[in-house]
Participant: 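Pasting a structure below so you can have a look.
Quick note: numbers below take in every heavy atom, side chains included, and nothing from hydrogens, waters or symmetry partners.
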Amino acid sequence: MTRSALLLILAGCTTDPQPEPEPPPVTVAYLTPVEHLVRASMTLRGTRPIAAELLAVAESPDALPAIVDGYLATPEFGAVMRDLHAETLLVRVDLAQSTFRAQNGVADRTAGEMNTVYEEPLRLIEHVITNDRPYSEIVTANYAISDPITSVVWGMTHSGSPGLEVASWTDARPVSGILSSSGLWARHISAGANYHRNRANLISSALLCFDFLHSDILLDTSIDLADPDVVANALVENPSCAGCHQTLDPLASTLYGFQRGARYTNYPVQMYRPMWEGGWVNESRRPPAYFGQAATTVADVGQRIAADPRFPRCAAERFAAYFTQTDREAIPFAWTARLAKDFVASGMSAKRLAREIVLSDEFRISHATAVATFEEAEDLRGLLRARPEQLGRLFEDLTGFRWQTSSTVGVYGVPYGVADLLRGDFLGFRSLAGGIDSYFVTRPTHTTNAVSSLVLRELARGAAGHVVASDFAQPPALRRLLSGVSESDRSPTMIRAQLATLHARIYGSLDAVEGPEVAETYALFERVLADTNDVRHAWTTTLAAMLADLRVAYY
């Protein structure tokens with residue numbers, strides 16, 4: 001402090017505070033049209049664009065929206081929608097303690113197959129979105145989606161034929177989309193004196209983006225938590241507790257009738273009984289309601305959610321956050337508002353929402369050229385990393401390789417069977433590759449570390465050997481990657497041309513045949529060929545290196 005400023009303060013005067021300078025706006029650069037196409041394809045499908053699409057967008061960027069429309073009609077987009085909502089609902093578990101026994105009508109199934117019962121709510125969501133039904137139907141649908149396993153385990157109608165079917169519940173539960181899901185409530189149990197509060201908060205946080213656990217409440221630590229009567233009274237009378245519980249508990253009371261946890265002793269699992277509906281009278285002691293509005297069962301809750309303005313806004317936030325790998329709270333308010341408005345105007349078309357996101361300027365940001373604060377740089381996601389599920393689809397599309405193992409390890413005396421190593425955790429590397437197990441690991445990792453890079457390297461090694469053997473055993477027209485060369489070709493011209501095609505297919509990069517990128521890859525091929533005099537080995541090594549390159553993992 002200067003001497004003059006000190007004298008002013010001592011004299012009872014103050015210096016005028018100087019206004020803080022306005023921080024400069026974040027300046028960003030955008031992806032090229034071809035890079036934008038690659039990002040859109042990886043986001044909506046988990047696969048790279050084909051060469052014709054890359055060339056079309058390179059020639060005319062206006063071709064991109066029509067190509068995106070095609071992506072939205074693929075089965076892979078439906079799988080991405082399941083992945084997105086699995087991360088939101090934390091329902092996709094692959095752990096021994098969560099495995100349903102192979103018994104009764106599914107006694108011939110493996111333990112790995114039995115874990116698909118948790119896909120039941122995700123299949124309903126996929127059905128709504130891929131058929132372009134209003135997104136609100138995920139909480140209002142008067143039907144479910146069953147397959148031969150879930151129909152037996154949960155008690156749903158099914159013809160017995162392989163595959164998925166629109167189904168009905170065979171008990172007296174109120175039906176309201178995923179709010180009536182046995183798979184969802186079996187995953188999220190309500191233990192002890194929780195009285196469905198955990199489930200109610202899941203509904204609120206997942207569908208409305210209002211998490212009671214993040215409420216700014218000052219807790220009263222003087223309450224005797226060991227006395228159930230004291231606790232029950234505090235939830236009503238104590239302002240510190242009532243602040244949350246006066247809305248949480250009535251929402252939880254709408255779930256009475258659903259069993260607190262699944263019992264696997266016999267099928268179908270009886271997840272709902274009408275006799276349990278009034279249990280709130282003796283337990284939570286708060287009558288059912290939805291944030292102060294009348295609601296008796298989950299069917300009423302579904303209708304209330306569908307009409308709640310928080311619902312479309314939350315969906316817009318979650319889709320944008322998932323697609324850009326950004327924390328939901330960091331999504332710009334103006335972008336969310338625009339997306340939510342268009343989402344509602346479209347009749348809540350989730351396909352339209354996904355399209356708007358991937359074609360937006362916010363989605364195609366490449367990097368910042370100037371930022372004011374570290375937080376701005378931290379929140380900017382200019383480079384996205386493929387999730388394990390995306391890597392699985394990408395490698396299968398490129399090479400036909402699916403990283404699997406078959407195990408006789410027993411779960412409840414039943415062999416696990418075939419395990420997909422990128423989509424599982426009990427016998428797999430999903431968490432190690434940056435994904436979640438929905439139980440112990442509930443947030444994905446969007447950066448590369450030593451373990452995830454090792455997973456990518458081993459995946460690349462297996463895929464490279466598989467595709468080289470497979471391609472050279474087939475005519476060029478049926479090959480996946482090596483369609484421009486034979487096992488005896490050593491011509492530098494032919495090899496370089498094939499490598500340029502591989503750069504486009506694997507990296508989504510239109511690199512010139514004589515360019516430095518292709519030259520670097522050719523140098524590797526040439527060196528291996530000189531060392532081994534084996535064309536097949538040279539291609540296997542080169543492809544393993546290309547597939548393990550971080551350009552595969554990022555987009």
Participant: Could you check whether any side-chain heavy atom of Arg313 comes within less than 4.5 Å of a side-chain heavy atom of Cys209, counting everything from C-beta outward?
Facilitator: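 In short, these two side chains do not touch, never coming nearer than 4.5 Å.
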Participant: Would you indicate whether the side-chain heavy atoms of Phe100 and Val269 approach each other to under 4.5 Å?
Facilitator: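 Side-chain contact under 4.5 Å: yes.
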Participant: Take atom CZ in Arg133; do more than 12 heavy atoms of anything else shown fall under 6.0 Å from it?
Facilitator: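 Incorrect, the count does not exceed 12.
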Participant: Should Leu202 and Leu184 be marked as a side-chain contact (heavy atoms from CB on, under 4.5 Å) after you check the CA-CA gap, both sets of side-chain angles, and the distance that decides it?
Facilitator: CA-CA 10 Å; Leu202 174 72; Leu184 183 62; 3.8 Å; yes
Participant: What residue among Arg393, Arg387, Arg45 forms salt bridge (charged side-chain N to carboxylate O under 4.0 Å, His left out) with Asp83?
Facilitator: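 So the option named by the test is Arg393.
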Participant: Determine whether more than 12 heavy atoms belonging to other residues, nucleotides or ligands lie under 6.0 Å from atom CD of Glu329.
Facilitator: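 Yes, CD of Glu329 has more than 12 neighbouring heavy atoms, counting only those of other groups under 6.0 Å.
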Participant: Determine whether His196 and Ser253 make a side-chain contact, defined as any pair of heavy atoms from C-beta on separated by less than 4.5 Å.
Facilitator: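 A side-chain contact under 4.5 Å is absent here.
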Participant: Is a salt bridge present between Asp249 and Arg197, judged by a nitrogen-to-oxygen distance below 4.0 Å?
Facilitator: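 Salt bridge present between Asp249 and Arg197.
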Participant: If the threshold is 4.0 Å, N to carboxylate O, is there a salt bridge linking Glu119 and Arg82?
Facilitator: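 Result for this pair is yes, salt bridge flagged.
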Participant: Do the charged groups of Asp69 and Arg355 touch, with an N to O distance under 4.0 Å?
Facilitator: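 Judged by the 4.0 Å cut-off on N to carboxylate O distance, Asp69 and Arg355 do form a salt bridge.
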Participant: Would you say the side chain of Pro148 lies within less than 4.5 Å of the side chain of His158, judging by non-hydrogen atoms?
Facilitator: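 His158 vs Pro148: side chains touch.
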Participant: Check the pair Met156, Glu120 against side-chain contact (heavy atoms from CB on, under 4.5 Å), reporting the backbone distance first and the verdict last.
Facilitator: CA-CA 11 Å; Met156 309 162 75; Glu120 172 251 311; 4.2 Å; yes
Participant: Heavy atoms, side chains only, cut-off 4.5 Å: are Glu76 and Met81 in contact?
Facilitator: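 With C-beta onward as the side chain, the pair stays apart.
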Participant: Is the Tyr256-Phe258 ring centre distance short of 6.0 angstrom?
Facilitator: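 Not close enough - the centres of the two rings lie 6.0 Å or further apart.
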Participant: In the structure I gave you, are the side-chain heavy atoms of Tyr290 and Asp300 within less than 4.5 Å of one another anywhere?
Facilitator: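 The answer is no, as the side chains (C-beta and beyond) never meet within the 4.5 Å cut-off.
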Participant: Is any side-chain heavy atom of Leu550 closer than 4.5 Å to a side-chain heavy atom of Val552?
Facilitator: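 No; the side chains remain at least 4.5 Å from each other.
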Participant: Between Arg92 and Asp425, does any NZ, NE, NH1 or NH2 come within less than 4.0 Å of an OD or OE carboxylate oxygen?
Facilitator: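 Judged by the 4.0 Å cut-off on N to carboxylate O distance, Asp425 and Arg92 do not form a salt bridge.
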Participant: side-chain contact (heavy atoms from CB on, under 4.5 Å) with Leu179: which of Thr254, Ile138, Ile203?
Facilitator: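 Result: among Thr254, Ile138, Ile203, Ile203 is the only option passing the side-chain contact (heavy atoms from CB on, under 4.5 Å) with Leu179.
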Participant: Give the intermediate values and the outcome of side-chain hydrogen bond (donor to acceptor under 3.5 Å, both in side chains) for residues Glu317 and Tyr322.
Facilitator: CA-CA 8 Å; Glu317 284 185 2; Tyr322 187 86; over 6 Å; no
Participant: Would you please classify the geometry between the Phe363 ring and the His36 ring as parallel, tilted or perpendicular, with 30° and 60° separating the classes?
Facilitator: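 Ring orientation of His36 relative to Phe363: tilted.
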Participant: I would like to know whether Tyr143 and Leu124 meet side-chain contact (heavy atoms from CB on, under 4.5 Å); could you show each step before the answer?
Facilitator: CA-CA 9 Å; Tyr143 60 87; Leu124 173 63; 3.4 Å; yes
Participant: Taking Thr442 for the side chain and Ser438 for the main chain, is one N or O donor matched with an acceptor at less than 3.5 Å?
Facilitator: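 Not at all, since once roles are kept as given, no pair shorter than 3.5 Å links the two residues.
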Participant: Under the side-chain hydrogen bond (donor to acceptor under 3.5 Å, both in side chains) rule, what do Arg385 and Thr448 come out as? Steps first, then yes or no, please.
Facilitator: CA-CA 8 Å; Arg385 182 179 180 277; Thr448 295; 3.1 Å; yes
Participant: Between Glu165 and Arg123, does any side-chain N to carboxylate O distance fall below 4.0 Å?
Facilitator: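 Here Glu165 does not pair with Arg123 in a salt bridge, since their nearest N and O are not under 4.0 Å apart.
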Participant: Under 30°, 30 to 60°, or over 60°: which ring-plane class applies to His85 and Tyr135, parallel, tilted or perpendicular?
Facilitator: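 Answer is tilted, since the angle falls between 30° and 60°.
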Participant: Using the rule given for side-chain hydrogen bond (donor to acceptor under 3.5 Å, both in side chains), can you reason through Asn201 versus Ser204, listing the C-alpha separation, both sets of side-chain angles and the distance that settles it, and then say yes or no?
Facilitator: CA-CA 5 Å; Asn201 191 51; Ser204 180; 5.0 Å; no
Participant: For the pair Gln390 and Tyr555, evaluate side-chain contact (heavy atoms from CB on, under 4.5 Å) and give the outcome as yes or no after the intermediate values.
Facilitator: CA-CA 11 Å; Gln390 289 173 295; Tyr555 56 93; 3.1 Å; yes
Participant: With a 4.5 Å limit on heavy-atom distance, are the side chains of Ser41 and Arg39 in contact?
Facilitator: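 Sidechains of Arg39 and Ser41: no contact.
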